[in-house]
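Order of the sequence lines sets the chain letters (A, B, ...), proteins ahead of strands, with each chain counted from 1. Not measured: the values here are computed from a predicted model.
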Amino acid sequence: MSLEKLSKTSQQIALVDCNNFYASCERIFKPKWAKRPLGILSNNDGCIVARSNELKEAGIPMGAPYFQIRDQLDEMKAVIVSSNYTLYGNMSARVMNTLGQFTPEIEVYSIDEAWLDLSGFCHLSLDAYAREIAATTLRHTGIPVSVGIGPTRVLAKIANRVCKKRKIPGRVFNLGSAESLDHVLETIEVQDIWGIGRRLSKKLRASGIHTAKNLRDADPDSMRRQYSVVMQRIIMELRGVPCIGVEEIQPKKQIISSRSFGERVVELEPLLQSVAMHSTKAAEKLRSQNSVCGAIQVSIRTGRHNPDEEYYSQSALAKFAMPTADTRKLINAAGQVLRRIYRKGPRYAKAGVMLLNISQDNAMQGHLFQERDSEKAIALMNTVDQLNRLYGRRAVFFASEGCTQQWAMRRQQCTPAYTTRWDDLPVVR
DNA sequence: TCTGGGGTCCTAGGACCC
DNA sequence: TCTGGGGTCCTAGGACCC
């Protein structure tokens, strides 16, 4: 497809992506870290989940286990911190809020990314407008962002990638004003296309498809037969034909709460506590989207990486006769399920629950013999949610969650919640 | 020994994303 | 010793029904 044709396509999608988001958040409140290599650890301080440019350039891979690269990081004099999701969540809200001032057509895609539909803006002013978006976001929030623009989401993603790779001044790259679309697509390897992961890229390469250009020029129908409808859509999007729509924010179809333990757990009692806590957290999320669930699944497992230790992983499910959002019913059911799958012996590393068969509670119908959540139960849950919102998480909680939670996750090097706790407000001298 | 055909619904598992 | 958490979508295959 020619560039000319591309630029005339009516839809213009921008993908705004925060640069090294977690690292950028940390640096705002620690200016002296601006020049130092900076890495952020996953929950439980297990592995590296975010890296500043210095770490990326040093070849530290995403997801690297911390204990394996610790010496290397020390040698680089890198700053390594636990992840501070309270801070990132709050900074994310500020960024999204700023972006929302530029267009109502915004879809928040992840904590550090948003799609903007800029179709209304004429081609000439588009680049300038996007540069203004990037500059304003930096000024208002301190977070640098990159903007990629294209006629489809897959192409906007590619544009965003090019923008970051080439470190484009102004932090905007519009495929519609690129030198040559073919040339750009030739530089994109197939595994770097949105929707093509490790498995698919391996298969594609084996059949001679190495770049985005190769994939675009493959036959969509035969590729659909060979792979799936997902592959066909990606090809069409590479050709500038929108196939992946702008979905409004839908209620979640499943809600998960799970976490690794700070240390291994053997006994049933602490497992019961953690499963009760996860039920509570999941139920809060469920109620916050005004839903009820029809089933709860509980899972437990040992560590996955020790070949000398038997791997045990088990999950099971309880269904409710009537959908519910009552934490007490969820905790109760989860406890029963856990007793079914618990074996004494294994050193458990992780436990969690998943809420399934989620529906909107206003769509619920009564049943002759089974009661839906009573008015009283609903009122109680609302009160619990309100108290916790007002006075902080776990202001009130269920005794079955345990008071001390010895198994809670490790976060040994967490920075303060600068923007959301009075005690942690930064002090200016 | 031989034992239909087609539709629908549900679930498990695979693959991907950030 | 130590290896994240939370989602979505698609497909294949089994159960069940007529």
Open item on the list: Does this structure show an ion pair linking Arg394(A) with Glu401(A), if we count only N-O contacts that are shorter than 4.0 Å?
Closed with: yes
**Prompt:** Checking all strands, does Ser257(A) fall into the base, sugar-phosphate, or nothing category for heavy-atom contacts under 4.0 angstrom?
**Reply:** sugar-phosphate
Fill in: Residues Arg51(A), Glu57(A): salt bridge by 4.0 Å N-O rule
no
Does Ser260(A) place a side-chain N or O at less than 4.0 Å from the phosphate oxygens OP1/OP2 of dG5(C)? yes
Would you indicate whether the side-chain heavy atoms of Asn44(A) and Arg259(A) approach each other to under 4.5 Å? no
DNA chain C nearest-nucleotide lookup for Val230(A) and Arg301(A): closer to the 5′ end is Arg301(A)
**Q.** Asp45(A) and Arg411(A) ion-paired at < 4.0 Å
**A.** no
Here the helical stems involving DNA chain B, each at least 3 consecutive Watson-Crick or G-U pairs closer than 3.5 Å, sorted by first residue number, are B:5-18 with C:5-18
Phe261(A) CZ to dT1(C) C1', in whole Å, measures 17 Å
Lys253(A) NZ to dC9(C) C1', in whole Å, measures 8 Å
Here the distance between atom P of dC2(C) and atom CD of Gln412(A), to the nearest Å, is 14 Å
Against the side chain of Lys350(A), the closest entry in dG4(C), dT3(C), dG5(C) is dG5(C)
When all nucleic acid strands are considered with a 4.0 Å heavy-atom cut-off, which category describes Asn44(A): base, sugar-phosphate, or nothing?
nothing
OP1 or OP2 of dG6(C) sitting under 4.0 Å from any side-chain N/O of Arg259(A)?
yes
Report task. Answer with yes or no after comparing the ring centroid distance for Tyr129(A) and Phe102(A) against a 6.0 Å cut-off, counting only values under it. Result -> yes
query = Can a salt bridge be assigned to the pair Glu284(A) and Arg389(A) using a cut-off of 4.0 Å between side-chain N and carboxylate O?
reply = no
To the nearest angstrom, the CG-P distance between Asp308(A) and dT3(C) comes to 15 Å
* Does dC2(C) have OP1 or OP2 sitting under 4.0 Å from an N or O in the side chain of Arg264(A)? -> yes
Check ion pair Lys157(A)-Asp17(A) (N to O, under 4.0 angstrom):
no
### Task
Would you mind checking if Glu267(A) and Arg347(A) are paired as a salt bridge, meaning a charged N to carboxylate O distance below 4.0 Å?
no
| query | What nucleic acid atoms does Arg233(A) come within less than 4.0 Å of, heavy atoms only: base, sugar-phosphate, or nothing? | reply | sugar-phosphate
- Pick base, sugar-phosphate or nothing for Lys285(A), based on heavy-atom distances below 4.0 Å to the nucleic acid. sugar-phosphate
- Item | Rounded distance in Å between the C1' positions of dG4(B) and dC16(C) | 15 Å
Rounded to whole Å, CE of Met354(A) lies from P of dG7(C) at a distance of 10 Å
Rounded to whole Å, OH of Tyr88(A) lies from P of dG4(C) at a distance of 17 Å
The nucleotide from dT8(C), dG4(C), dG5(C) with an atom nearest the side chain of Gln254(A) is dT8(C)
*Think Arg347(A) has a side-chain N or O under 4.0 angstrom from the OP1 or OP2 of dT1(C)?*
no
Separation of dG5(C) atom C1' from Ile48(A) atom CD1, nearest Å, is 17 Å
Rounded to whole Å, CD1 of Ile255(A) lies from P of dG6(C) at a distance of 11 Å
Residue pair Leu138(A) / Val145(A), side-chain heavy-atom distance below 4.5 Å:
no
Comparing Ser258(A) with Tyr66(A), nearest DNA chain C nucleotide closer to 5' gives the residue Tyr66(A)
- Are Asp217(A) and Arg239(A) within salt-bridge range, i.e. N to O under 4.0 Å? no
*For Trp115(A), is the NZ or CZ atom of Arg153(A) found under 6.0 angstrom from the centre of its six-membered ring and inside 45 degrees of the ring axis?*
yes
Readout for nucleotides 12-18 of chain B: B = base within 4.0 Å of protein heavy atom, S = sugar-phosphate only, - = neither; 5' to 3' it is ---SSSS
